[in-house]
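Reading through the structure tokens given below for one structure.
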Amino acid sequence: MSDTMVTLVGNVATAVEHRETTAGVSVARFRMAATSRRWDKARECWTDGETSFYTVRSWRALADNVAASVAVGEPLVVQGRLRLREGEQSPEKGGQRWFAAEVDALAIGHDLARGTSAFRRTARVARRAGEGTQPDVEGGTLGEVESGTTVVMGAAAERRTVVPAGRASPDGNSPQKASVP
């Protein structure tokens, strides 16, 4: 069975809810509003169409990055798998049938046609089988980092930036580099 892949362009409608499952997997959820715009020939201007709302879910590293990067009102582009759910309310609540459109996100980014954004790469800490969550670079312990990544530490101990191997540091200085195998 094929999944229905969609790309949504719209605005964040609710705050990001970020949590960890009982299995230790990060998940983030927010609502997104997408409004179509059409050219009205009779009035010779753009008009708003219907607004559709979608629940967007992301998992693991994407969920962590969404929680750190996305706020209400920001324009986003979301690509993912469309899931349609339906249900029925209890008789006490009217017994009406409901439908919900959800997207399991594979990629989320700011819509650069409507503003600017600054990208910051994060360190990816690998987990070994049977171990719990390891502290990341922010927590002070590096752990295992994906191959080909260089951790750059500036003059201040609190200021740490991750730079892909073979690239200069973001501020142009020559900080102390620690290459990770």
Side-chain angles (χ1 to χ4, degrees), residues 1-127 133 136-139 146 149 161-164 167 170:
M1 181 172 146
S2 297
D3 289 330
T4 302
M5 300 299 291
V6 295
T7 300
L8 303 175
V9 178
N11 293 317
V12 179
T14 63
V16 176
E17 298 172 21
H18 186 242
R19 64 180 180 84
E20 198 169 283
T21 65
T22 54
V25 177
S26 292
V27 62
R29 173 191 178 277
F30 63 92
R31 299 276 290 162
M32 183 171 175
T35 304
S36 62
R37 295 194 34 94
R38 291 181 170 46
W39 179 255
D40 186 343
K41 288 182 183 180
R43 295 187 343 192
E44 294 186 0
C45 65
W46 288 96
T47 59
D48 286 340
E50 295 289 321
T51 301
S52 298
F53 289 89
Y54 301 88
T55 299
V56 178
R57 293 187 198 283
S58 56
W59 301 87
R60 298 173 186 77
L62 180 58
D64 295 337
N65 293 339
V66 165
S69 304
V70 172
V72 174
E74 292 181 343
L76 294 182
V77 178
V78 174
Q79 182 184 29
R81 294 178 186 91
L82 180 65
R83 304 277 187 235
L84 298 176
R85 294 188 320 121
E86 63 179 286
E88 201 169 309
Q89 292 178 334
S90 65
E92 298 85 38
K93 294 185 177 182
Q96 292 188 358
R97 218 176 158 125
W98 57 266
F99 296 90
E102 298 182 350
V103 176
D104 288 333
L106 300 175
I108 299 174
H110 287 100
D111 185 354
L112 298 181
R114 297 170 37 199
T116 62
S117 184
F119 180 79
R120 290 178 308 280
R121 187 174 304 276
T122 58
R124 294 176 56 186
V125 178
R127 294 183 185 180
T133 304
D136 60 6
V137 174
E138 297 296 323
E146 137 183 75
T149 301
T161 308
V162 177
V163 178
R167 291 194 185 171

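We number each residue from 1, following the sequence as shown. Values below: every heavy atom of this structure, side chains too, minus hydrogens, waters and symmetry copies. Only a predicted model underlies this, so the values are computations on that prediction, with no experimental measurement involved.
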How close do [X] and [Y] get, heavy atom to heavy atom, and via which atoms?
{"X": "V16", "Y": "A28", "result": "CG1-CB, 3.9 Å"}
{"X": "T51", "Y": "A33", "result": "CG2-CB, 3.9 Å"}
{"X": "G49", "Y": "T35", "result": "O-CG2, 3.7 Å"}
{"X": "F53", "Y": "R31", "result": "CB-NH2, 3.2 Å"}
{"X": "S69", "Y": "E74", "result": "O-OE1, 3.4 Å"}
{"X": "V78", "Y": "A105", "result": "CG1-CB, 4.1 Å"}

Check whether any side-chain heavy atom of [X] lies under 4.5 Å from a side-chain heavy atom of [Y], and answer yes or no.
{"X": "W59", "Y": "T21", "value": "yes"}
{"X": "M32", "Y": "V103", "value": "no"}
{"X": "R29", "Y": "T14", "value": "no"}

Exceeds 12 heavy-atom contacts within 6.0 angstrom, atom CZ of R37: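 Enclosed: over 12 neighbouring heavy atoms sit under 6.0 Å from CZ of R37.
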What pairs meet the salt bridge (charged side-chain N to carboxylate O under 4.0 Å, His left out) rule with one or both residues in residues 81-91, with sequence neighbours excluded?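 Sorted result for residues 81-91: D3-R81, D3-R83, R83-D104, R85-E102, E86-R97.
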Excluding sequence neighbours, so at least two apart, what forms side-chain contact (heavy atoms from CB on, under 4.5 Å) with [X]?
{"X": "T4", "answer": "V6, L82"}
{"X": "T22", "answer": "none"}
{"X": "N65", "answer": "T122"}
{"X": "R43", "answer": "D40, C45, T47"}

T55 and R57: side-chain donor and acceptor closer than 3.5 Å?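 Side-chain D/A pair, T55 to R57: absent.
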Atom CD1 in I108, atom CZ in F30: separation rounded to 0.5 Å? 4.5 Å
Residues two or more places apart in sequence or in another chain: which of them pass salt bridge (Lys or Arg N to Asp or Glu O under 4.0 Å) with R114? D111
